Amino acid sequence: MNAAFMLPTAGGGGGAAAAADNDDNDVGGDNDNDNDNGNGNDQKEQQQSYKYPNTVPRLPLTSLIDTALLKSMMDGLLAASHQHKHNISYNSVRGLGNASAWLDITQPPFSLLWPSICAAIQTQLLLTEKKLKNQWNACFAAGNALSNPSIPLLSDQTAMEATRDLFFAVLSLVDKCENYKVKITAVYALTCPTSRKNYGPIYYKLLKRICAALNNIESLAVNGFAKQKYKQLLKFRLIKLISHLVKLFHDDADLSN
């Protein structure tokens, strides 16, 4: 495929994807070597400057790729996301997330695919086998998918419920996941939507639970320098998410008028 048509992440500059590739072999590690002086970890953290989606309107993928071809690509990614080999499944889910940010999910055939896309990402988020790479990559996919500007225009009940369930799946990682890197990336995913309407009716519940998570962060157990560092980064990300949610509420013209 021509390089001009390579799919970037919803972050625009590819920062999230670069961070993912750099840290892909290190996701399991909140247990970084505490004998490290921190320089190596700090350097990795600088590389993980996750870039949030741009607010500049973008053309849908169907204006760049034939609809039938794009539908075939999405079907292939959905099928591959169910592979037992986790490196195939999580890469496929990342592809689904990247592409779904650009789809017009209010029109066939992608309106019909949207619940399946959300379900595929949600499956990777909620894996019970503690496959942290899958969950970590699925958080990036969820962030891209949930930033789709067509979400507020959804009218199909199944599609709206699938979107709601994806939000709650990401939020469950913030509440329950024991791995700090996954929790941090889950918070990143919840910060990706650029409109309050993308959060729909769960906006207030989400804000309440994120505030509770921030209030409870000091009670989280830490063991060693590495976990202490990630705990502080998680705290920063939660504050950033709350600030983002409040700003979106302030900017919502329907509420301010």
Side-chain angles (χ1 to χ4, degrees), residues 8-20 45-58 97-98 100-102 118 121-122 125 135-154 160 163-177 180-218 220 230-257:
T9 65
E45 211 57 62
Q46 291 172 5
Q47 293 171 346
Q48 292 184 37
S49 56
Y50 304 155
K51 294 185 178 180
Y52 297 95
N54 291 323
T55 56
V56 178
R58 296 170 300 184
N98 289 347
S100 62
W102 286 28
C118 290
I121 299 173
Q122 182 179 341
L125 288 170
Q135 293 178 316
W136 192 73
N137 279 281
C139 285
F140 281 105
N144 281 320
L146 294 173
S147 66
N148 188 305
S150 299
I151 286 178
L153 304 177
L154 290 172
M160 290 189 289
T163 307
R164 177 203 61 194
D165 291 345
L166 183 55
F167 268 114
F168 282 131
V170 178
L171 187 56
S172 72
L173 292 181
V174 178
D175 289 338
K176 300 176 182 178
C177 184
Y180 277 102
K181 291 183 182 179
V182 173
K183 290 170 81 75
I184 290 166
T185 315
V187 175
Y188 157 81
L190 293 172
T191 315
C192 284
T194 56
S195 166
R196 190 203 64 83
K197 293 178 181 178
N198 271 55
Y199 296 95
I202 73 164
Y203 171 86
Y204 298 101
K205 184 176 291 186
L206 174 64
L207 181 58
K208 181 179 179 181
R209 286 177 63 174
I210 294 301
C211 288
L214 180 61
N215 288 333
N216 296 331
I217 196 167
E218 296 304 329
L220 295 178
Y230 284 117
K231 178 179 175 179
Q232 292 305 312
L233 180 56
L234 174 62
K235 182 177 182 179
F236 169 77
R237 293 288 179 183
L238 287 169
I239 293 172
K240 190 176 181 70
L241 173 54
I242 293 172
S243 174
H244 176 71
L245 291 171
V246 172
K247 182 179 184 301
L248 292 183
F249 182 89
H250 180 269
D251 292 345
D252 193 323
D254 291 342
L255 294 174
S256 59
N257 291 335

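Along the sequence shown, the residues carry numbers beginning at 1. The analysis underlying the following values was restricted to heavy atoms, covering all of them including side chains, and did not include hydrogens, waters or symmetry mates. On a predicted model such as this, the values are computed, not experimentally measured, just so you know.
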Approximate separation, where rounding is to 0.5 Å, of His244 NE2 and Cys192 SG: 8.0 Å

Note, Val182 side chain near Cys177 side chain (heavy atom, < 4.5 Å): yes

Side chains of Thr191 and Leu245 in contact at under 4.5 Å (non-hydrogen atoms): no

Salt bridge (Lys or Arg N to Asp or Glu O under 4.0 Å) involving Asp175 - partner list, sequence neighbours excluded: Arg209

Reported OH-to-NZ distance for the pair Tyr180 and Lys231, which is rounded to 0.5 angstrom: 5.5 Å

Within 45° cone and under 6.0 Å: Arg196 NZ/CZ vs Phe249 ring: no

Side chain to side chain, Leu173 and Gln135, heavy atoms closer than 4.5 Å: yes

Under 3.5 Å donor-acceptor, Ser243 side chain and Ile239 backbone: no

Student check: side-chain heavy atoms of Lys235 and Glu218 closer than 4.5 Å: yes

Distance in Å, Phe140 CZ paired with Thr185 OG1, rounded so as to fall on 0.5 Å steps: 5.0 Å

Salt bridge (charged side-chain N to carboxylate O under 4.0 Å, His left out) pairs, two or more places apart, involving residues 137-153: none

Sequence-distant partners of Thr163, side chain to side chain donor-acceptor pair (under 3.5 Å), two or more places apart: Trp114

Aromatic ring proximity, centroids under 6.0 angstrom, Tyr199 and Tyr204: no

Interatomic distance, Arg164 atom CZ to Leu154 atom CG [nearest 0.5 angstrom]: 13.0 Å

Nearest-0.5 Å distance that lies between atom CG in Leu234 and atom CD1 in Ile184: 5.5 Å

Taking every non-hydrogen atom, the tightest pair across Pro193 and Leu248: O-CD1, 3.7 Å

Cys211 and Ile242, any side-chain heavy atoms less than 4.5 Å apart: yes

Reported CG-to-CD1 distance for the pair Asp165 and Ile121, which is rounded to 0.5 angstrom: 12.5 Å

Main-chain N/O of Asn148 paired with Asn198 side-chain donor or acceptor, under 3.5 Å: yes

Minimum side-chain heavy-atom gap Phe168-Leu171 below 4.5 Å: yes

Any Leu125 side-chain heavy atom under 4.5 Å of Cys139 side chain: yes

Minimum heavy-atom distance between Ala101 and Asn144, given as atom pair plus value: CB-O, 3.3 Å

